[in-house]
Novice: 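Sharing a structure below in structure tokens format, with a few things to ask.
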Amino acid sequence: MSSPHVTIDTLSIDPSSLTRQAIKGLRIAFAISGVAALALGIILLVWPTKTLAVVAVFLGINFLITGAVKMGVGIFSHSLSAGTRILDVLLGLLVLVAGIITVRNSSATGELLLIFTVIMIGIGWIIEGVIAMVEAGKSNSRLWATIFGVVSIIAGVMVLAIPGWTAAWLLLITALTLIVLGIVGLVRAFTFGK
């Protein structure tokens, strides 16, 4: 008795089963997505620091709104306990101050976020390497798990040792990836359903 063969065909989009309007809608969606990725990739490639500053401004605006809402909840929600209201006001004030600092120092915040991301990647790779080596045990793939673990730990240490260089490469790779995805999306928009 054979097991049923499962495929992901049910998730695929067959243009022959779609109406002209549906095909046109999907082509427009692919084109918009492609243009957005291409534009963002080019902008990130040309102005990496300014792009990070813009991301930081949006993050700061989010903090400002969140902080104001938290403070509002703490001040005006009389059905909450006094401790919860005080905590909401304090947390809201803290997030509001973080939002002001982030918006006022957007360039520095953007660079700090990038370095923080790189540091988290480095730590993650080290942890993943240690886990791979510990889990290798006595399995047949122990050699490969050990090699993976060693490479992962070395990569994590290198990332932590030179985070600025890693951040620059991360930005470059992200920008190039977005450009390629944008071009592929545009090609898909022009070729889908033809």
Side-chain angles (χ1 to χ4, degrees), residues 25-77 84-130 151-190:
L26 283 171
R27 290 178 73 193
I28 290 171
F30 294 152
I32 290 171
S33 175
V35 167
L38 183 62
L40 185 56
I42 291 170
I43 290 168
L44 187 58
L45 192 61
V46 175
W47 298 297
T49 305
K50 292 190 185 302
T51 306
L52 290 174
V54 170
V55 170
V57 167
F58 283 121
L59 180 66
I61 290 170
N62 179 36
F63 284 170
L64 291 171
I65 293 168
T66 302
V69 168
K70 275 292 199 194
M71 287 181 64
V73 166
I75 293 169
F76 298 111
S77 291
T84 302
R85 290 177 64 202
I86 291 170
L87 189 60
D88 274 340
V89 169
L90 291 176
L91 181 62
L93 186 59
L94 183 67
V95 172
L96 196 63
V97 168
I100 292 168
I101 292 169
T102 301
V103 170
R104 290 196 49 142
N105 303 304
S106 58
S107 292
T109 302
E111 292 170 12
L112 184 65
L113 287 171
L114 180 61
I115 294 296
F116 179 75
T117 302
V118 166
I119 290 170
M120 289 296 103
I121 290 170
I123 292 171
W125 281 349
I126 291 170
I127 292 170
E128 186 176 13
V130 169
V151 170
S152 186
I153 290 170
I154 291 170
V157 169
M158 287 176 56
V159 165
L160 292 177
I162 44 176
W165 183 80
T166 305
W169 277 104
L170 181 63
L171 280 177
L172 178 65
I173 291 169
T174 302
L176 293 176
T177 301
L178 284 168
I179 290 170
V180 169
L181 288 174
I183 291 169
V184 170
L186 288 173
V187 169
R188 188 174 181 204
F190 287 110

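What you see below is based on every heavy atom in this structure, not just the backbone, and it leaves out hydrogens, waters and symmetry mates.
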Novice: Could you tell me if the side chain of I42 sits less than 4.5 Å from the side chain of I179, heavy atoms only?
Specialist: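 Yes; the side chains approach each other to less than 4.5 Å.
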
Novice: So which heavy atom on L171 is nearest to which on P48, and how close?
Specialist: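 So the minimum-distance heavy-atom pair works out to CD1-CB, 3.8 Å.
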
Novice: If I take atom OG1 from residue T66 and atom CG from residue L94, how far apart are they, to the nearest 0.5 angstrom?
Specialist: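 The OG1 atom of T66 sits 12.0 Å away from the CG atom of L94.
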
Novice: Side chains of M71 and L96: closer than 4.5 Å at any heavy-atom pair?
Specialist: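 Answer yes - side chains close enough.
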
Novice: If you look at every heavy atom in T174 and L170, which pair is closest and at what distance?
Specialist: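 Minimum heavy-atom separation between T174 and L170: OG1-O, 2.7 Å.
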
Novice: Using the rule given for side-chain contact (heavy atoms from CB on, under 4.5 Å), can you reason through L160 versus I126, listing the C-alpha separation, both sets of side-chain angles and the distance that settles it, and then say yes or no?
Specialist: CA-CA 10 Å; L160 292 177; I126 291 170; 3.6 Å; yes

Novice: What is the distance from atom CG of D88 to atom NZ of K70, rounded to the nearest 0.5 Å?
Specialist: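 D88 CG to K70 NZ: 4.5 Å, rounded to 0.5 Å.
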
Novice: Rounded to the nearest 0.5 Å, what separates atom CD1 in I153 from atom CD in E128?
Specialist: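 I153 atom CD1 to E128 atom CD measures 10.5 Å (nearest 0.5 Å).
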
Novice: If we ignore hydrogens and angles and just use 3.5 Å, is the side chain of R85 paired with the main-chain N or O of V73 as donor and acceptor?
Specialist: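 Answer holds: no.
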
Novice: Looking only at non-hydrogen atoms, find the nearest pair between A56 and S106 and report the distance.
Specialist: CB-O, 3.3 Å

Novice: Are the side chain of S33 and the backbone N or O of A29 linked by a donor-acceptor pair below 3.5 Å?
Specialist: no

Novice: Rounded to the nearest 0.5 Å, what separation is found between the CG atom of L178 and the CD1 atom of I183?
Specialist: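 Nearest 0.5 Å value for the CG-CD1 distance: 11.0 Å.
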
Novice: For R27 and F190, work out which heavy atoms get closest and say how close.
Specialist: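 Looking at all heavy atoms of both residues, the shortest contact is NH2-O, 3.3 Å.
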
Novice: First locate atom CG of L52, then atom CG of L59, and finally report the distance between them rounded to the nearest 0.5 Å.
Specialist: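 So the gap between those two atoms works out to 12.0 Å.
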
Novice: Using modelled atom types only, decide if a donor and an acceptor are shared between the side chain of N62 and the backbone of F58 within a distance under 3.5 Å.
Specialist: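 Not at all, since once roles are kept as given, no pair shorter than 3.5 Å links the two residues.
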
Novice: Above 12 or not: heavy atoms from other molecules or residues under 6.0 Å from CE of M120?
Specialist: yes

Novice: So which heavy atom on I173 is nearest to which on T177, and how close?
Specialist: O-OG1, 2.7 Å

Novice: Hey, are the side chains of V89 and I75 touching, using non-hydrogen atoms and a 4.5 Å cut-off?
Specialist: yes

Novice: State, yes or no, whether a side-chain contact exists between W125 and V159 at a heavy-atom distance under 4.5 Å.
Specialist: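 Heavy-atom side-chain distance check passes, below 4.5 Å.
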
Novice: Would a distance-only check, ignoring hydrogens and angles, find a side-chain to backbone donor-acceptor pair under 3.5 Å from T166 to V118?
Specialist: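 No; zero donor-acceptor contacts below 3.5 Å.
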
Novice: Which heavy atom of G129 sits nearest to which heavy atom of S152, and what is that distance?
Specialist: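 Nearest pair, atom of G129 first, then S152: N-OG, 3.5 Å.
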
